[in-house]
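As the structure lists them, so they are numbered: ligands from 1, and atoms in each ligand from 1.
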Amino acid sequence: MSPAARALTQTLRAQPSMAVALDRIAEAFAAAGIDTARLDARLLLSAATGIDAAGLLARMNEPLDKAALDKLIGFVTRRLDREPVSRILGSRGFWTLDLAIGPDVLDPRPDTETLVQAAVTACRQRRDEPLRILDLCTGSGAILAALLSEFPNATGLGTDISPAACAIAQQNLEAAGLATRGEIRIAHWADGIAGPFDLVVSNPPYIETSALAGLDPEVRHFDPQLALDGGPDGLTAYRAIAAALPKLLAAEAGKGTGLVFLEIAAAQAADVSAIVEAAGLTHIEVIKDFGGHDRVVSGRGQTEGERVNLPLGRRAKTD
Ligand SMILES: C[S@@+](CC[C@H](N)C(=O)[O-])C[C@H]1O[C@@H](n2cnc3c(N)ncnc32)[C@H](O)[C@@H]1O
């Protein structure tokens, strides 16, 4: 146990009021460099006591009971070791869902909701259609579950190379009542996956290998390396996914063409746009997140006519 955790434990063992406990925990978190110190302290106090935020406000002058205290000490010790609150509590709010997470999946990020929002907006007119969705590198199943929850007649396939991640994704689909419309399968990128899909989405690993060591401890120590490592230039996954797009995307008469939404790191917009353009995507756009950073590259597959009429050099590579 770190000296900071030991000192905080001693303070809490004296069974102070919840107000004092909250203050001391928030101070210790701030001193440890945690940006969201007070919010994290409140979430952990609430989880340890089983009292929601409004209830806590009303009961701030009560002392912590023994069972809550033991739980709270465990939680704050882990947070001082920089484990994210979502991992300590085992769940993460994403879109409108509450998702289970664990050591084998990326903790889904609010930024990824930019991708979900973009796909939902693009398919607004097709909301009630039986859309076929493919979520490559599904992790916890966050994107797939969010999209299935928005499109009531859609079906979807989520794939990941990690069997443990696939198990959590399956669990999340079941918990959200979406398992009858969603399938989870182990796959290396899109190997063995047969289209056509109306919507192909992915938040693949995209951090350059050399940058992994410089990530925040919350990420470096707690998100699985498999979920982060994008290879020497961060683009390995995009190349693999782009190569598979022509066989994955729908281009059927009367059904429109398939759409693609790929999450990216802010500096990857030009590279990823070029990769998907070389794979035959058209209407390529870059979408920003709420922080104003480039976050998603989107594009459209070729129509049947475009597949036939484009000069050979611009056709999708599988033509
Ligand atoms: C950045 S995480 C995204 C998880 C989830 N889609 C999300 O947005 O929260 C990337 C995922 O890609 C998976 N992955 C890594 N290499 C892969 C590969 N070669 N084939 C398929 N999935 C892979 C990891 O296991 C991880 O779950």
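Expressed to the nearest 0.5 Å, how far OG1 of T36 lies from CD1 of I34 amounts to 7.0 Å.
When the options L106, V201, D289, I143 are evaluated for a side-chain contact (heavy atoms from CB on, under 4.5 Å) with T112, the one that passes is I143.
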I'd like a table of donor-acceptor pairs (distance under 3.5 Å, sequence neighbours excluded) in which one partner is a side-chain atom from residues 94-105, with atom names and distances.
| unit_1 | atom_1 | unit_2 | atom_2 | d |
| --- | --- | --- | --- | --- |
| W95 | NE1 | E150 | OE2 | 2.8 |

Could you list the donor-acceptor pairs under 3.5 angstrom formed between side-chain atoms of residues 20-31 and any protein atom two or more places apart in sequence or on another chain?
| unit_1 | atom_1 | unit_2 | atom_2 | d |
| --- | --- | --- | --- | --- |
| D23 | OD1 | R38 | NH1 | 3.0 |
| D23 | OD1 | R38 | NH2 | 3.2 |
| R24 | NE | E27 | OE1 | 3.1 |
| R24 | NH2 | E27 | OE2 | 3.2 |

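With sequence neighbours left out, the side chain to side chain contact (heavy atoms under 4.5 Å, CB included) criterion links I51 to M18, T49, L56, R59.
For ligand 1, the 4.0 Å heavy-atom shell takes in L106, P108, T112, C137, T138, G139, I143, D160, I161, S162, A187, H188, W189, N203, P204, P205, L226, A227, ordered by chain and residue number.
Taken together through direct or relayed side-chain contacts under 4.5 Å among Ile, Leu, Val, Met, Phe, Trp and Tyr, L262 and V116 form parts of separate hydrophobic clusters.
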